[in-house]
Engineer: 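Just dropping this structure here.
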Amino acid sequence: MAERIHRITMFKAPKAEDQQKLIAEYKLVDENGKKDGKPYILSLAVGIAENDPRSQGYTVICKTEFASLDDLRYYDDKCEAHQKLKVAAKDLTIEGIQTVYFKPQLMGGSSKLS
């Protein structure tokens, strides 16, 4: 568990239609993202940020989870489905992208009780 890599990517996509196109592209990543012919993305969650000043203009948020840093690097550099998303995003109005990733040092919350 501690070795898993969590990645957060946030997009400033002001147009609602571009937000929905990004989500559709992530659906394709979820369906087609393969490494050695097998799914390798442990989890993928994407949605529209709630309208809140703390969002700082970021509108589409994606959280992915990978088993290793090698899998994350594969996603960034070699995953065909993710490469297609990057190409499609170039045709959208995106005013900024922020990506961070980390290995959890603490896992908490009520889900650990079940």
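We number each residue from 1, following the sequence as shown.
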Engineer: Within this structure, what is the CG-CD1 distance for the pair Leu22 and Ile94, rounded to the nearest 0.5 Å?
Structural biologist: 4.5 Å

Engineer: Salt bridge (charged side-chain N to carboxylate O under 4.0 Å, His left out) with Glu50: which residues, sequence neighbours excluded?
Structural biologist: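 Scan of Glu50 (salt bridge (charged side-chain N to carboxylate O under 4.0 Å, His left out), adjacent residues dropped) gives none.
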
Engineer: Under 3.5 Å, is there a donor-acceptor pair between the side chain of Asp36 and the main chain of Lys38?
Structural biologist: no

Engineer: Enumerate the residue pairs fulfilling salt bridge (charged side-chain N to carboxylate O under 4.0 Å, His left out) with a member in residues 75-98, sequence neighbours excluded, ordered by first and then second residue.
Structural biologist: Arg7-Asp76

Engineer: Closer than 3.5 angstrom, by distance alone: can the side chain of Thr59 be matched with the main-chain N or O of Ala13 as a donor-acceptor pair?
Structural biologist: yes

Engineer: Could you tell me which residues satisfy side chain to side chain contact (heavy atoms under 4.5 Å, CB included) with Ile48, sequence neighbours excluded, listed by chain and number?
Structural biologist: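 Ile48 satisfies side chain to side chain contact (heavy atoms under 4.5 Å, CB included) with Gln19, Gln20, Ile23, Val60 once adjacent residues are dropped.
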
Engineer: Using a 4.5 Å cut-off on heavy atoms from C-beta on, say whether the side chain of Ile97 contacts that of Thr9.
Structural biologist: yes

Engineer: State which residues pass side chain to side chain donor-acceptor pair (under 3.5 Å) with Ser43; sequence neighbours excluded, sorted by chain then number.
Structural biologist: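 Expected list: Glu65.
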
Engineer: Considering residues at least two apart in sequence or located in another chain, which fulfil the side chain to side chain contact (heavy atoms under 4.5 Å, CB included) criterion with Leu44?
Structural biologist: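 Side chain to side chain contact (heavy atoms under 4.5 Å, CB included) check on Leu44 returns Tyr26, Val29, Asp30, Ile41, Val46, Cys62, Thr64.
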
Engineer: Linking I/L/V/M/F/W/Y whenever their side-chain heavy atoms sit closer than 4.5 Å, directly or via other members, would Ile61 and Val100 fall into one cluster?
Structural biologist: yes

Engineer: Using the ring pair (Phe, Tyr, Trp, His ring centres under 6.0 Å) rule, collect all pairs that involve residues 56-79, keeping only residues at least two apart or in two chains.
Structural biologist: Tyr40-Tyr74, Phe66-Tyr75, Tyr75-His82

Engineer: Taking all non-hydrogen atoms of both residues, which atom of Gly33 and which atom of Cys79 are closest, and how far apart?
Structural biologist: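 Heavy atoms only, the tightest pair is CA-SG, 4.1 Å.
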
Engineer: How does the hydrophobic cluster around Val87 look, that is, which other residues are in it when side-chain heavy atoms under 4.5 Å mark a link?
Structural biologist: none

Engineer: Keeping to residues at least two apart or across chains, list the salt bridge (charged side-chain N to carboxylate O under 4.0 Å, His left out) pairs with something in residues 8-19.
Structural biologist: none

Engineer: State the CZ-CE distance between Arg4 and Met107, to the nearest 0.5 angstrom.
Structural biologist: 7.5 Å

Engineer: Output all residues satisfying side chain to side chain donor-acceptor pair (under 3.5 Å) with Asn51, sequence neighbours left out; order by chain, then residue number.
Structural biologist: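 Once residues adjacent in sequence are excluded, Asn51 has no partner under the side chain to side chain donor-acceptor pair (under 3.5 Å) criterion.
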
Engineer: Mind checking what makes side chain to side chain donor-acceptor pair (under 3.5 Å) contact with Lys34, not counting sequence neighbours?
Structural biologist: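 So Lys34 forms no side chain to side chain donor-acceptor pair (under 3.5 Å) with any residue.
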
Engineer: Residues two or more places apart in sequence or in another chain: which of them pass side chain to side chain donor-acceptor pair (under 3.5 Å) with Lys27?
Structural biologist: none

Engineer: Looking at residues at least two apart in the chain, or sitting in another chain, which of them share a side chain to side chain contact (heavy atoms under 4.5 Å, CB included) with Asp70?
Structural biologist: Ser68, Arg73

